[in-house]
Student: 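Please read through the structure below; I'll follow up with questions.
These numbers come from the heavy atoms of this one structure, side chains and all, not from hydrogens, waters or symmetry mates. From a predicted model like this one, the values you see are computed outputs, not experimental measurements.
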Amino acid sequence: MFGCLVAGRLVQAAPQQVAEDKFVFDLPDYENINHVVVFMLGTIPFPEGMGGSVYFCYPDQSGMAVWQLLGFVTNEKPSAIFKISGLKSGKGSQHPFGAMNLPQTPTVAQIGISVELLENLSQQTPVASAAVSSVDSFTEFTQKMLDNFYNFASSFAVTQAQMTPNPSEAFIPANVVLKW
């Protein structure tokens, strides 16, 4: 029913079912993971009025499981990308996996999916830093391109003392680019 994808790794399409309505994927070497994609395989839809809340679980320094709500997937929103790189030091939240004794290893985290009513999903508040940027790709590209341009142009910066007179060259002060 669900799949999990981490860049550079094979797709996981067989979660471990830990209860009738709860599934988990193991994420070995989780400290080197920035984003996780959770998606429905398209073979079995959610029952009418149901969806899946997605949780991230990692072991804290004492080895206890810390669960954080990332978001959800539904029949209308069958996939989602979550940023987990900044969550590895946060606080846990209320979750439906508490009573289960899921094994925790220091280098293995888990993605948990709990099948719940859609009305319950809409009342939950995911961890804010798990959302992937909502800036459109053109704006993001433009910002990164201009940052790259400024860094490139700055690499040629010289002080006035280092400048040699050359009548065929024009010099643009770096602060002019910053002001623009």
Side-chain angles (χ1 to χ4, degrees), residues 1-140:
M1 182 172 191
F2 305 109
C4 179
L5 176 65
V6 174
R9 300 185 186 186
L10 293 174
V11 173
Q12 295 185 47
Q16 177 186 357
Q17 188 169 0
V18 294
E20 183 180 333
D21 59 347
K22 293 176 184 34
F23 305 85
V24 295
F25 291 100
D26 287 337
L27 299 176
D29 192 26
Y30 75 95
E31 282 128 353
N32 295 316
I33 299 173
N34 290 321
H35 295 83
V36 173
V37 179
V38 176
F39 58 94
M40 296 178 63
L41 297 175
T43 54
I44 303 171
F46 282 110
E48 190 67 34
M50 302 294 278
S53 56
V54 180
Y55 292 85
F56 174 61
C57 174
Y58 67 94
D60 66 6
Q61 293 175 345
S62 64
M64 298 299 295
V66 177
W67 289 90
Q68 295 176 323
L69 178 65
L70 299 178
F72 60 90
V73 290
T74 64
N75 290 336
E76 291 75 33
K77 182 185 171 230
S79 65
I81 301 172
F82 302 107
K83 182 178 180 183
I84 64 169
S85 59
L87 303 178
K88 299 163 192 159
S89 61
K91 294 182 179 179
S93 61
Q94 196 172 16
H95 60 88
F97 293 89
M100 294 175 207
N101 192 9
L102 300 174
Q104 291 296 309
T105 310
T107 60
V108 177
Q110 293 177 319
I111 292 292
I113 302 171
S114 175
V115 178
E116 301 173 12
L117 291 170
L118 288 176
E119 61 188 44
N120 292 347
L121 293 179
S122 64
Q123 296 174 6
Q124 297 174 351
T125 305
V127 177
S129 57
V132 176
S133 173
S134 61
V135 176
D136 71 27
S137 59
F138 181 73
T139 302
E140 189 174 357

Student: Between Phe82 and Tyr55, is the ring centroid distance below 6.0 Å?
Tutor: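 Ring centres of Tyr55 and Phe82 not closer than 6.0 Å.
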Student: Kindly give the heavy-atom pair with the smallest separation between Phe46 and Gly52, and that separation in Å.
Tutor: CZ-N, 3.3 Å
Student: How long is the gap from OH on Tyr58 to CG on Leu27, to the nearest 0.5 Å?
Tutor: 14.0 Å
Student: Judged by atom type as modelled, is there a donor-acceptor pair below 3.5 Å linking the side chain of Gln17 to the main-chain atoms of Glu20?
Tutor: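 Yes, because the side chain of Gln17 sits within donor-acceptor range (under 3.5 Å) of the backbone of Glu20.
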Student: Checking Ile84 against Gln68 for the side-chain contact (heavy atoms from CB on, under 4.5 Å) test, could you report, in this order, the C-alpha distance in whole Å, the side-chain angles of both residues, the deciding distance, and whether it holds?
Tutor: CA-CA 10 Å; Ile84 64 169; Gln68 295 176 323; over 6 Å; no
Student: I need the Met1 CE to Ile113 CD1 distance, nearest 0.5 Å.
Tutor: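 If we round to the nearest 0.5 Å, Met1:CE and Ile113:CD1 are 9.0 Å apart.
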Student: Enter the distance from Phe2:CZ to Thr43:OG1 here, rounded to the nearest 0.5 Å.
Tutor: 9.5 Å
Student: For a quick test of reading the model, state the closest non-hydrogen atom pair linking Ser53 to Leu121 and the distance between them.
Tutor: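 Nearest pair, atom of Ser53 first, then Leu121: CB-CD2, 3.5 Å.
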Student: Between Phe56, Tyr30, Trp67, Phe25, which is the residue that forms a side-chain contact (heavy atoms from CB on, under 4.5 Å) with Gln110?
Tutor: Trp67
Student: Provide the closest heavy-atom pair for Cys4 versus Ile111 in the form atom of the first, atom of the second, distance.
Tutor: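 In this case the closest contact between Cys4 and Ile111 is SG-CG1, 4.4 Å.
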Student: Distance only, no hydrogens: is a donor on one side chain within 3.5 Å (strictly under) of an acceptor on the other, for Gln124 and Glu116?
Tutor: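 Note: Gln124 and Glu116 side chains meet the donor-acceptor criterion.
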Student: With rounding to the nearest 0.5 angstrom, report the CD to CG distance, Gln12 to Leu10.
Tutor: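 That separation rounds to 9.0 Å.
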Student: To check you understand the geometry: which heavy-atom pair defines the closest contact between Lys22 and Ser114, and what is its length?
Tutor: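 Residues Lys22 and Ser114, closest heavy atoms: NZ-OG, 3.7 Å.
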Student: Are the side chain of Asn34 and the backbone N or O of Ser85 linked by a donor-acceptor pair below 3.5 Å?
Tutor: no
Student: If you round to the nearest 0.5 Å, how far is CG of Asn75 from CE of Met50?
Tutor: 11.0 Å
Student: Write down the atom of Phe72, the atom of Ala80, and the distance for their closest heavy-atom approach.
Tutor: O-CB, 4.2 Å
Student: Looking at CG of Leu118 and CD of Glu48, how far apart are the two atoms once the value is rounded to the nearest 0.5 Å?
Tutor: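 Leu118 atom CG to Glu48 atom CD measures 8.0 Å (nearest 0.5 Å).
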